[in-house]
Every structure is written in structure tokens, then in C-alpha cells.
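Here the structure comes first, spelled out in C-alpha cells, and everything after it is commentary.
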Amino acid sequence: SSPDGSGSGSVLAFLIFFLTAICSISIGMIVAALSRSLNQAESLCWLISMPLAVLSGVWFSREIMPEYIQFMGDLFPYSHAVSAARMVIIRGAEFSAVSESIIIIAIWAIIAFITGIVLFRYKMRA
């Protein structure tokens, strides 16, 4: 991948961002299905998104966090997305270097999307 953003690096970054967006949309569907009101949904979104942003290393380097916090962050897709995106965009990493992270994000996207659809359908029928 070239530093100017062309080629396979751009495609790889897009894939990471696309899968991460699917995860976020799916989590939003789950929250919407579990919420009874707009205010409750908004509160739940803040309650979920802020800790996930901290755990993922968006604002603070994960290396300075205690190991148990890093482990908790690794349970969610966002820490994998942040590290993979940084590797691709900043270091020009190829697919083989971030494939494990992409697989984890993809699995999360699939499971969360299916869960979101099932819960949302159930709520619409109730």
C-alpha cells in the first residue's frame, strides 16, 4: 500500500471502517430494541459508547492501561478496529498483518447484526 492512500491500503481501511460501521449500527439496533423510549435509548447509547471508546484506545493509548482493562477492550470490536486502522493508515500494513483483527470485527458485525434484526423484529411484533 502506498502512503498517498491509493491502492490496497485504501481498500483495507475501507473494509475496516465498513465492518466497524456495521457493528455500530447493529449495536444501535439492539439498544433501540431494548429501549422503551427515546430518552432511555439515548442514555443507553452514552452508557455504552463512552466506555467502549475509552477501552478501544481512541483517546488514550491502550499500552498505558492495566492489562485487565486491555483485555476488557479486546472483548469488543472497537479496539481491534482502532489498532488495525492505525496499522493500515499510518504504517501501510498489508492484510496479513491485520487479518486477525478484521476477522474479529467481521464476527462481531455478523453476530450483532443478526441479534439486532431478531430483537428489532420481535419488538415490532410486540
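We count residues from 1, following the sequence as given.
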| request: Could you pull out the closest heavy-atom pair between G57 and V82, with the gap in Å? | output: O-CG1, 4.1 Å

| Partners meeting side-chain contact (heavy atoms from CB on, under 4.5 Å) with S35 (sequence neighbours left out) | V31, Q40, A41, L44

| task | Specify the closest pair of heavy atoms between T20 and I105, including all atoms of both residues, with the distance to one decimal. | result | N-CG2, 4.0 Å

| query | Counting only N and O atoms by type, is there a donor-acceptor contact under 3.5 Å from the side chain of K123 to the main-chain atoms of V118? | reply | no

| query | Has the side chain of H80 got a donor or acceptor atom that lies under 3.5 Å from a matching backbone atom of I102? | reply | no

| Mind checking whether L119 and M29 have side chains closer than 4.5 Å, heavy atoms only? | no

| Short side-chain to backbone donor-acceptor contact, R62 and S79, under 3.5 Å | no

| said: Under the side chain to side chain donor-acceptor pair (under 3.5 Å) test against Y78, which residue among S56, S24, S83 passes? | reply: S24

| task | Please report the closest heavy-atom contact between S26 and F113, naming both atoms and the distance. | result | OG-CA, 3.1 Å

| message | Less than 4.5 Å apart, side chain to side chain, heavy atoms only: is that true for P77 and I104? | response | no

| query | What residues, two or more places apart in sequence or in another chain, satisfy side chain to side chain donor-acceptor pair (under 3.5 Å) together with E63? | reply | S61

| note | Closest heavy-atom pair, I16 versus A85, reported as atoms and distance to 0.1 Å, is CD1-N, 4.0 Å

| Which pairs with one or both residues in residues 55-74 pass ring pair (Phe, Tyr, Trp, His ring centres under 6.0 Å), sequence neighbours excluded? | none

| query | Quick one: does W108's side chain have a donor or acceptor within less than 3.5 Å of a partner on L75's backbone? | reply | yes

| field | Minimum heavy-atom distance L19-A106, with the two atoms named | value | CD1-CB, 4.1 Å

